[in-house]
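First comes the structure, then the notes that go with it.
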Amino acid sequence: AKRAAFDLLVIGGGSGGLACARKAASLGAKAALVECNRLGGTCVNLGCIPKKIMYYAAKHAECVENQGGYGFSCSDVKFDLVTLKNSRDAYIRKLNDIYLRNLEKDGVELIEGHATFTGPHKVHVNDKHVTAEHIVIATGASPIVPNLPGAKYGITSDGFFALEHLPKKVAIVGGGYIAVELAGILNALGSDVSLVVRHTLMKPFDEMLSKSLAEEMTHAGIKIHTSCQVKEVNKNEGVLSLHVQRGGCPDDVMEGMDVLLWAVGRRANIGDIGLDKTGVKVDGHGFIKVDEYDNTEVHNVYALGDVTGRKLLTPVAIAAGRKLATRVFGNQPSAKLDYSNIPTVVFSHPPIGTVGMTQGVPVCDISSCLLT
């Protein structure tokens with residue numbers, strides 16, 4: 001088997017991993033990055049970028065709907081999802097190529113394949129044994145499909161980007177960023193959308209924002225079912241039925257869905273990387289435990305981005321990756337990302353954003369901030 005040694009090995013070619021590897025290389029480190037899929041991670045391939053393209057398509061649809069009052073006449077407007085998908089996918093392939101060229105330009109070695117730890121600082125990729133003084137785990141996260149009867153009939157946000165036909169009637173389960181954004185997109189493009197929410201919409205946000213958004217979405221035609229849980233999914237001749245429970249009421253059935261989309265959270269991509277060979281610990285939700293400097297409990301092994309479960313946002317992962325590389329290779333031992341007061345935007349219809357503490361923060365937390 002071949003052997004290779006590096007100053008830094010990054011496992012995962014998403015936003016955080018790429019930023020960390022490139023920054024380390026610019027500071028003189030011999031850096032390598034392992035990736036088994038397309039470069040760019042969730043954001044570029046199955047997240048922010050294709051989602052934003054779909055968002056713009058939805059905004060175009062809204063403009064067409066409202067064009068009459070502005071003096072335009074568009075009586076025969078047709079929408080073709082396949083055309084949009086092909087254009088979107090071609091654009092993403094260009095981004096994949098740009099990321100590859102950037103790695104080459106910065107002198108980062110790309111190792112294509114699946115990384116598996118054989119020890120705290122040893123990784124096996126294909127037929128190669130790789131060692132590194134510093135290793136960063138940046139493997140990201142994936143959508144969760146709940147464990148309930150018939151759940152397999154649904155898709156996730158990954159499947160959303162594979163759709164080639166606009167669903168006539170769709171149920172989206174979840175009340176967070178992804179559920180709200182995809183509900184707005186599909187509704188604007190012409191689908192009949194039902195949003196099934198376990199508690200309330202955008203729960204971490206200020207109640208004023210979440211309530212206003214719910215009112216706007218309802219006005220746009222989206223059916224929002226709060227305090228509602230899916231118990232079972234049935235499929236008959238391609239049509240889905242959802243058995244749901246609303247609060248303490250008897251079970252109800254939502255019928256006639258041709259697409260069910262799960263948006264109920266994400267889990268860390270750590271199941272098959274040999275984490276048990278490292279001593280790295282995970283928290284109660286399965287995300288890698290790190291301190292404020294992105295250190296795991298193993299010396300010189302770090303984790304950043306979605307795999308840590310903290311602020312699952314692309315700019316956060318990028319900033320964390322650069323800060324980590326600067327601390328380790330740039331002689332700045334105190335460099336770290338401040339995870340407080342990070343702005344966030346939801347590309348809902350209409351979009352909402354927030355920064356800082358919300359109304360839901362306990363008074364004791366606010367008091368401690370005021371006293372420091």
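Heads up: numbering here begins at 1 and tracks the sequence.
- A donor-acceptor pair is defined here as one N or O able to donate and one able to accept, closer than 3.5 Å; no such pair exists between the side chain of D106 and the backbone of V108.
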Just list the side-chain donor-acceptor pairs under 3.5 Å for residues 176-186, sequence neighbours left out, or say none.
from	atom 1	to	atom 2	distance (Å)
Y177	OH	T344	OG1	2.6
E181	OE1	K51	NZ	2.8
E181	OE2	K51	NZ	3.4
E181	OE2	F347	N	2.8

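- Of the possible donor and acceptor atoms, none in the side chain of K277 sits under 3.5 Å from a partner among the backbone N and O of V123.
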| said: Under the criterion side chain to side chain contact (heavy atoms under 4.5 Å, CB included), I'd like the reasoning laid out for I92 against F161: C-alpha separation, chi angles, the key distance, then a yes or no. | reply: CA-CA 12 Å; I92 290 169; F161 294 112; over 6 Å; no

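- Here the closest non-hydrogen pair linking A21 and L8 is CA-CD2, 4.2 Å.
- L110 and L95 fall within a single hydrophobic cluster, where Ile, Leu, Val, Met, Phe, Trp and Tyr are joined by side-chain heavy atoms under 4.5 Å apart, directly or via other members.
- The side-chain hydrogen bond (donor to acceptor under 3.5 Å, both in side chains) test with N45 is passed by exactly one of N96, N37, D89: N96.
- Between D294 and R310, some side-chain heavy-atom pair lies under the 4.5 Å cut-off.
- With a 6.0 Å radius and a threshold of 12 heavy atoms from other residues, nucleotides or ligands, Q67 has its CD atom above the threshold.
- At distances below 3.5 Å, at least one donor-acceptor pair connects side-chain atoms of T296 with backbone N or O atoms of V301.
- Checked by atom type and distance alone, the side chain of S87 pairs as donor or acceptor with a backbone atom of T83 at under 3.5 Å.
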| message | Test side chain to side chain contact (heavy atoms under 4.5 Å, CB included) on V64 and F79; report intermediate values, then the result. | response | CA-CA 11 Å; V64 169; F79 172 69; over 6 Å; no

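- Checking side-chain atoms of H121 against main-chain N and O of T131 turns up no donor-acceptor pair under 3.5 Å.
- Under the rule for a side-chain contact (heavy atoms from CB on, under 4.5 Å), the partners of P350 that lie at least two apart in sequence or sit in another chain are L213, E216.
- Using a 4.5 Å heavy-atom threshold, the side chains of K169 and M257 count as touching.
- If you take CG on L81 and CE on M54, they are separated by 5.5 Å, rounding to the nearest 0.5 Å.
- Interatomic distance, L39 CG to S15 OG, rounded to the nearest 0.5 Å: 11.0 Å.
- Residues V170 and F160 fail the side-chain proximity criterion, which asks for heavy atoms closer than 4.5 Å.
- Tested against E109 for a salt bridge (Lys or Arg N to Asp or Glu O under 4.0 Å), the candidates R22, K128, K30 yield a single pass: K128.
- When the side chains of ILVMFWY residues are joined at heavy-atom separations under 4.5 Å, either directly or via intervening members, M254 and V239 end up in two distinct hydrophobic clusters.
- Contact detail for G356 and N341: the closest heavy-atom pair is CA-OD1, 3.3 Å.
- By the 4.5 Å heavy-atom criterion applied to side chains, M217 and L201 are counted as neighbours.
- A continuous path of ILVMFWY side-chain contacts below 4.5 Å connects V346 to I49, so both sit in one hydrophobic cluster.
- Going from atom CD of E255 over to atom CG of N234 covers 10.0 Å, rounded to the nearest 0.5 Å.
- Residue Y91 qualifies as open at atom OH: its count of foreign heavy atoms under 6.0 Å is 12 or below.
- Rounding to the nearest 0.5 angstrom, the gap separating the SG atom in C43 from the CG atom in L312 is 12.0 Å.
- Annotation for I53 and R88: closest pair CD1-CG, 3.6 Å, computed over non-hydrogen atoms.
- Contact of the Y302 side chain with the V136 side chain is registered, since non-hydrogen atoms from C-beta on lie closer than 4.5 Å.
- Within a 6.0 Å radius of NZ in K122, no more than 12 heavy atoms belonging to other residues, nucleotides or ligands are found.
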| message | What verdict does the side chain to side chain contact (heavy atoms under 4.5 Å, CB included) test give for C63 and H60, after you've listed the backbone C-alpha separation in whole Å, the side-chain angles of each residue and the deciding distance to 0.1 Å? | response | CA-CA 5 Å; C63 288; H60 278 285; 5.6 Å; no

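- V196 and I224 sit in two unconnected hydrophobic clusters of ILVMFWY residues. Membership requires side-chain heavy atoms under 4.5 Å apart, directly or through other members.
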| task | Kindly determine whether E62 and K59 satisfy salt bridge (charged side-chain N to carboxylate O under 4.0 Å, His left out), including the steps that lead there. | result | CA-CA 5 Å; E62 291 174 339; K59 296 301 288 184; 3.3 Å; yes

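- Both I352 and L195 belong to a common hydrophobic cluster when Ile, Leu, Val, Met, Phe, Trp and Tyr are linked at side-chain heavy-atom distances under 4.5 angstrom.
- The side-chain hydrogen bond (donor to acceptor under 3.5 Å, both in side chains) analysis of residues 221-230, with sequence neighbours excluded, yields the pairs D192-K223, H225-R246.
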| request: Applying side chain to side chain contact (heavy atoms under 4.5 Å, CB included), run through K152 and V233 and close with a yes or a no. | output: CA-CA 9 Å; K152 64 181 181 180; V233 181; over 6 Å; no

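- Nearest heavy atom pair, residue A24 against residue A325, reads N-CB, 3.6 Å.
- Atom CG of residue L33 and atom CD1 of residue I111 lie 8.5 Å apart, to the nearest 0.5 angstrom.
- The minimum heavy-atom distance between L18 and G40, with the atom names listed, is CD1-N, 3.9 Å.
- Using bins of under 30°, 30° to 60° and over 60° for the plane-to-plane angle, the ring pair F329/H134 lands in the perpendicular bin.
- Inter-residue side-chain proximity for R266 and S157 is flagged as met; some heavy-atom pair is nearer than 4.5 Å.
- Proximity of a side-chain donor or acceptor of W262 to a complementary backbone N or O of A151 within less than 3.5 Å is detected.
- Judged purely by atom type and a 3.5 angstrom limit, N126 uses its side chain to pair as donor or acceptor with the backbone of E112.
- With hydrogens and angles left out, the side-chain atoms of R327 and Y293 include no donor and acceptor closer than 3.5 Å.
- A donor-acceptor pair under 3.5 Å is formed between the side chain of D258 and the backbone N or O of K168.
- In N331, the CG atom is not crowded: 12 or fewer heavy atoms of neighbouring residues, nucleotides or ligands sit closer than 6.0 Å.
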| said: Walk me through whether S142 and N269 qualify under side chain to side chain donor-acceptor pair (under 3.5 Å). | reply: CA-CA 6 Å; S142 299; N269 293 329; 2.5 Å; yes

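- Side-chain contact check for I155 versus L163: some heavy-atom pair is nearer than 4.5 Å.
- Listed here is the closest heavy atom pair of L242 and A171: CD2-CB, 3.8 Å.
- With a 4.5 Å cut-off on side-chain heavy atoms, I137 and L275 count as touching.
- The structure places CG of D283 at 7.5 Å from NZ of K289, a figure rounded to the nearest 0.5 Å.
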